[in-house]
Amino acid sequence: MRYKYDYKESQTAALLSVATAVLIIFDIFYAASLNIYIVFILGIILASILLNRLYERGVMKKLLIDIVNKEVRHYKGEAGILKIRIRQEGIMPVLGAEMTITAGNDIKFDHDQALKIRQQTETKTVFTVLPKSETVIEVPYTAVHRGVSYIVDSRIKIPKIFSFGNMDLKQLGSAQHEILIYPDKFAVHNEKIKFKVAEGIFRNNESLYTDPLLTIGNREYMTSDSLRDINWKQSARTGELQAKVYEKTTYTEWLILINLRSGSIFAPPKNIENIFEKLSFLTGEIAKENINYSMIANMKTFDEGNYYRIDDLNGVRSCRPMLEALAKIKTVTFTISFERFLNHVQLYEKIPSHIIFTGQTNPLIDKELTHFLHRGVTVYQLDENGLERYGEKRAVR
């Protein structure tokens, strides 16, 4: 962490400096006879001014401040400690300095002093560090909201030991750290999902699917076949429509589609945080089953038109990257309508064996989801009622 000295002369020190300058001018130009005690006091003031300038330069030049735990991970509601290391490599001590720390309100410092309208949390701590030594200050906090919190600002007041007032240091740039708060995967409303997973309803390893990249022959076209499966060259030879026959393959792969838009407006659904908690638990259960899965949200990332996503997850080691991805999703951001998003997935993404989508549907969304059902994809809906088989009014048993 880098700091800049915001120099402000104290009124008392400025007054003494002016008085000293006036007495010296009278003594030099007007041959005023100064009392020996006044001369002694002037010497002390001049020495104080000189030592103060040396102190200011010495403290700033050798004072190093950094964050010990640069990457911290918590579940919502957990307590944590932010550790800041302060080292003085010079010969000037720092005595009774006050540090003010401001962070995003995804966390809350134990002794919070911030105004609520600022959407920040702020606290103060006092420290002392001697020459050629270091100290670590610990700032306790509680993880309040899912998201990513940073130290957005910090200020230090160092008392001037040879003069009046304080040295005011202001932080430059970012603090180069992050505190990630995962959704609460152990919320009470997740017990219903846990029961379903325990029954093994998600496993479908024996289902047969066709691989369009592996054509093994042709057969007579039927009305239930897709137009994209017609072999036009073979149809021209025989004079009758011929459909391609594909190699059968067995696999289980999940795709989680997150809807961050409420209907046709940009605002997120009111229950979106509840949905994130359900996803946190559900993906943990899927990981235990060693099922391959990916996640895509209808949030634009502004890099070549892509969406926020995480791919090729499998096993218990996938839990952490998935939780980090859920923590970093912003609910107030640029999104596209979910029906357009589903159309993009259908056209450009690898079609999985199972799809889980979040939120409510409308006729346009239903129309896009029907395309996945026609292609043999098993679709589940995750909303405030839990996880349900899409198209069924009752929960999956």
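Of all the heavy atoms in E138 and P140, the pair that sits closest is O-CD, 3.6 Å. A pairwise comparison of heavy atoms in A97 and P159 identifies CA-CD, 3.9 Å as the closest pair. The two atoms that bring P93 and I91 nearest to each other are CD-O, 3.7 Å, heavy atoms only.
Between the side chain of R261 and the backbone N or O of T335, at least one donor-acceptor pair lies under 3.5 Å. Looking only at distances, no side-chain donor or acceptor of R146 sits under 3.5 Å from a matching main-chain atom of F276. In this structure a side-chain-to-backbone donor-acceptor pair under 3.5 Å is missing from D66 to A175. Although no hydrogens or angles enter the test, the distance criterion places no donor-acceptor pair under 3.5 Å between the side chain of N231 and the main chain of A243. A distance-only check finds no donor-acceptor pair linking the side chain of T125 to the backbone of M99 [under 3.5 Å]. Counting only distance, with no hydrogens or angles, the side chain of Q381 and the backbone of G359 share a donor-acceptor pair below 3.5 Å. Of the possible polar contacts, none joining the S149 side chain to the I179 backbone as a donor-acceptor pair under 3.5 Å is found. Of the possible polar contacts, none joining the T123 side chain to the F109 backbone as a donor-acceptor pair under 3.5 Å is found. No donor-acceptor pair closer than 3.5 Å links the side chain of S154 to the backbone N or O of Q171. Within the 3.5 Å criterion, the main-chain N or O of I365 finds no donor-acceptor partner in the side chain of E339.
The hydrophobic cluster containing L64 does not contain I86, counting ILVMFWY residues as joined when their side-chain heavy atoms lie under 4.5 angstrom apart, directly or transitively. The same ILVMFWY cluster, assembled from side-chain heavy atoms under 4.5 Å apart, contains both L130 and I65. L257 and V379 end up in the same hydrophobic cluster when Ile, Leu, Val, Met, Phe, Trp and Tyr side chains are linked at under 4.5 Å. Criterion: ILVMFWY side-chain heavy atoms under 4.5 Å apart, direct or through other members. Under it, L323 and L260 are not part of a common hydrophobic cluster. Follow the hydrophobic side-chain contacts under 4.5 Å out from V144 and you never reach Y150; the two are in separate clusters.
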Trace of the side chain to side chain contact (heavy atoms under 4.5 Å, CB included) decision for L279 with T358: CA-CA 9 Å; L279 280 174; T358 69; 4.1 Å; yes
Verdict with supporting geometry, V59 and Q88, side chain to side chain contact (heavy atoms under 4.5 Å, CB included): CA-CA 8 Å; V59 167; Q88 176 56 286; 4.3 Å; yes
Criterion salt bridge (charged side-chain N to carboxylate O under 4.0 Å, His left out) on E384 and K278, from CA distance to verdict: CA-CA 9 Å; E384 64 274 5; K278 292 178 183 295; over 6 Å; no
Trace of the side chain to side chain contact (heavy atoms under 4.5 Å, CB included) decision for H145 with I181: CA-CA 7 Å; H145 306 292; I181 297 95; over 6 Å; no
I156 vs Y3, side chain to side chain contact (heavy atoms under 4.5 Å, CB included): CA-CA, chis, key distance, verdict: CA-CA 9 Å; I156 302 175; Y3 289 84; 4.0 Å; yes
Working for salt bridge (charged side-chain N to carboxylate O under 4.0 Å, His left out), residues K108 and E122: CA-CA 8 Å; K108 183 177 181 181; E122 186 174 281; over 6 Å; no
Test ring pair (Phe, Tyr, Trp, His ring centres under 6.0 Å) applied to Y141 and H74, step by step: CA-CA 11 Å; Y141 62 85; H74 295 291; 5.5 Å; yes
E89/K62 under salt bridge (charged side-chain N to carboxylate O under 4.0 Å, His left out): CA gap, chis, key distance, verdict: CA-CA 5 Å; E89 295 185 344; K62 299 293 184 178; 5.6 Å; no
Test salt bridge (charged side-chain N to carboxylate O under 4.0 Å, His left out) applied to D153 and R155, step by step: CA-CA 7 Å; D153 185 39; R155 303 175 298 281; 2.6 Å; yes
Stepwise side-chain hydrogen bond (donor to acceptor under 3.5 Å, both in side chains) check, T361 with D366: CA-CA 6 Å; T361 64; D366 289 330; 3.3 Å; yes
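Within the 4.5 Å cutoff, the side chain of I356 has no heavy atoms near those of the L255 side chain. Between E285 and K185 there is no side-chain heavy-atom pair separated by less than 4.5 Å. Inter-residue side-chain proximity for S235 and Y221 is flagged as unmet; no heavy-atom pair is nearer than 4.5 Å. In this structure, the side chains of F372 and L342 come closer than 4.5 Å at one or more pairs of heavy atoms. Counting heavy atoms from C-beta outward, P321 and L313 have side chains that approach closer than 4.5 Å.
Aromatic ring orientation, Y390 versus F357: perpendicular (interplanar angle above 60°, classes split at 30° and 60°). Between Y75 and Y182, the angle of the ring planes goes over 60°, which puts this pair in the perpendicular group of the 30/60° scheme.
If you take CZ on R309 and CE on M299, they are separated by 12.5 Å, rounding to the nearest 0.5 Å. Expressed to the nearest 0.5 Å, how far CD1 of I256 lies from CD1 of I286 amounts to 5.0 Å. In this structure, NZ in K157 is found 6.0 Å from CD in E98, a value given to the nearest 0.5 Å. Note: E273 CD to D184 CG = 11.5 Å, rounded to the nearest 0.5 Å. The CZ atom of R87 sits 8.0 Å away from atom NZ of K132, with the distance rounded to the nearest 0.5 Å. Between the CG atom in L369 and the CG atom in L364 there is a gap of 11.0 Å [rounded to 0.5 Å].
Within a 6.0 Å sphere centred on NZ of K70, heavy atoms belonging to other residues, nucleotides or ligands number more than 12. Heavy-atom contacts from other residues, nucleotides or ligands closer than 6.0 Å to CG of L347 number more than 12. In R219, the CZ atom is crowded: over 12 heavy atoms of neighbouring residues, nucleotides or ligands sit closer than 6.0 Å. Annotation: H111, atom NE2; neighbour count of heavy atoms from other residues, nucleotides and ligands within 6.0 Å does not exceed 12.
Side-chain N/O atoms of T238 and E240 include no donor and acceptor closer than 3.5 Å. A donor and an acceptor atom, one from each side chain of T102 and Q120, are nowhere located under 3.5 Å apart. With 3.5 Å as the limit, one finds no donor-acceptor pair spanning the side chains of T333 and Y308. Side-chain contact, E253 with S353: no donor N or O sits under 3.5 Å from an acceptor N or O. N298 and N259 share a side-chain donor-acceptor pair at under 3.5 Å. Side-chain atoms of D112 and T121 include a donor-acceptor pair closer than 3.5 Å.
Aromatic pair F186/F281: centroids not less than 6.0 angstrom apart. The aromatic ring centroids of H344 and Y307 lie less than 6.0 Å from each other.
Between E178 and R73 there is a salt bridge, since a side-chain N of the basic residue sits under 4.0 Å from a carboxylate O of the acidic one. Salt-bridge annotation for K76 and E277: present, with a side-chain N of the basic residue lying under 4.0 Å from a carboxylate O of the acidic one.
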